[in-house]
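Notes to accompany the following structure.
All values reported here derive from a predicted model rather than from experimental measurement.
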Amino acid sequence: MIRPLQPEDADELAALYLANREFLAPFEPPRPDGFFTADGQRERLAEPPPTETHRYAILDGDAIAGTINVANIVHGPFRSANLGYFVDRARNGRGLATAAVGDVVGVAFGELSLHRLEAGTLVDNVGSQRVLEKNGFERIGIARRYLLIGGDWRDHVLFQRVAD
């Protein structure tokens, strides 16, 4: 269901982001135009992120149907990270995100040796909240003005899952 993203995925990833640009706009921070190009994706995948991050493709057969990331990884006694994901609008509702979150939870608590994963969703993003709840995440509260989206600081519902 998931595999690590590679620089060779840049063309397919750019096409996916471009096709979903309007769909994702209400949920994500603003992206520069270059983000939606193969060169922009190639650069993004080749450069190390600002914090330790593991990026994965969500697969629908052999096609990339979305992405899922374990980001802002902190080791030591905290052993925690943030989870973020999206699935192509045309493939929503087929369980791809639910399965991918399940797979990445296994990686996070297995090979990455994390203790805790946190995820945030916009307050009205019920679909994403269901994905997290189906994967054993618990709602921990509202983070006011959590993330800058569309020029506004938007509230998010925070979820967590700790290793069993």
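- Counting only residues at least two apart or in different chains, ring pair (Phe, Tyr, Trp, His ring centres under 6.0 Å) contacts with residues 66-125 comprise Y17-F86.
- Take Q129 and apply the side chain to side chain donor-acceptor pair (under 3.5 Å) test, not counting sequence neighbours, and it matches T121, R139.
- The other members of the hydrophobic cluster of W153, by chain and number, are L148 (side-chain heavy atoms under 4.5 Å, ILVMFWY only).
- Taken to the nearest 0.5 Å, the CZ atom of R130 stands 11.0 Å off from the CG atom of N125.
- Atom CG in L83 sits 13.0 Å away from atom CD in Q160 (nearest 0.5 Å).
- Looking at residues two or more places apart in sequence or on another chain, you find no side chain to side chain donor-acceptor pair (under 3.5 Å) involving H156.
- Taking OH of Y56 as the reference point, atom CG of L59 lies at 12.5 Å (rounded to 0.5 Å).
- V162 forms part of no hydrophobic cluster, judged by ILVMFWY side-chain heavy-atom separations under 4.5 Å.
- The shortest side-chain heavy-atom distance between E52 and V70 does not fall under the 4.5 Å cut-off.
- Judged as a side chain to side chain donor-acceptor pair (under 3.5 Å), and not counting sequence neighbours, the contacts of D60 are R91, R94.
- In this structure, the side-chain contact (heavy atoms from CB on, under 4.5 Å) partners of D155, at least two apart in sequence or on a different chain, are V123, I142, R144, R145.
- The distance from atom CD1 of I140 to atom CZ of R161, rounded to the nearest 0.5 Å, is 14.5 Å.
- Every residue was checked against the salt bridge (charged side-chain N to carboxylate O under 4.0 Å, His left out) condition with E43, not counting sequence neighbours, and none meets it.
- In the hydrophobic clustering of this structure, L45 groups with F35; members are Ile, Leu, Val, Met, Phe, Trp, Tyr whose side-chain heavy atoms approach within less than 4.5 Å, directly or through other members.
- Looking at residues two or more places apart in sequence or on another chain, you find a side-chain contact (heavy atoms from CB on, under 4.5 Å) between A71 and T53.
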Before you tell me yes or no, could you show the steps for F23 and D88 under side chain to side chain contact (heavy atoms under 4.5 Å, CB included), namely the whole-Å CA-CA distance, both residues' side-chain angles and the distance that decides it to 0.1 Å? CA-CA 9 Å; F23 170 65; D88 175 35; over 6 Å; no
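- R21 has a carboxylate O that lies under 4.0 Å from a charged side-chain N of D33, or vice versa, which qualifies the two as a salt bridge.
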Indicate every side-chain donor-acceptor pair of residues 9-16 with a distance under 3.5 Å to a residue at least two apart or in another chain.
{"from": "D9", "atom 1": "OD1", "to": "R3", "atom 2": "NH2", "distance (Å)": "2.9"}
{"from": "D9", "atom 1": "OD2", "to": "R3", "atom 2": "NH1", "distance (Å)": "2.9"}
{"from": "D9", "atom 1": "OD2", "to": "Q6", "atom 2": "N", "distance (Å)": "2.8"}
{"from": "D11", "atom 1": "OD1", "to": "R42", "atom 2": "NH2", "distance (Å)": "3.2"}
{"from": "E12", "atom 1": "OE2", "to": "I64", "atom 2": "N", "distance (Å)": "2.7"}

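- Considering OG1 of T98 and NZ of K134, their distance stands at 4.5 Å, rounded to 0.5 Å.
- Residue pairs meeting the salt bridge (charged side-chain N to carboxylate O under 4.0 Å, His left out) criterion with at least one member in residues 102-127, sequence neighbours excluded: R116-E118.
- A salt bridge is defined here as a Lys NZ or Arg NE, NH1 or NH2 lying under 4.0 Å from an Asp or Glu carboxylate O, and R31 with E28 meets this definition.
- Under the salt bridge (charged side-chain N to carboxylate O under 4.0 Å, His left out) criterion, D62 pairs with no residue, sequence neighbours left out.
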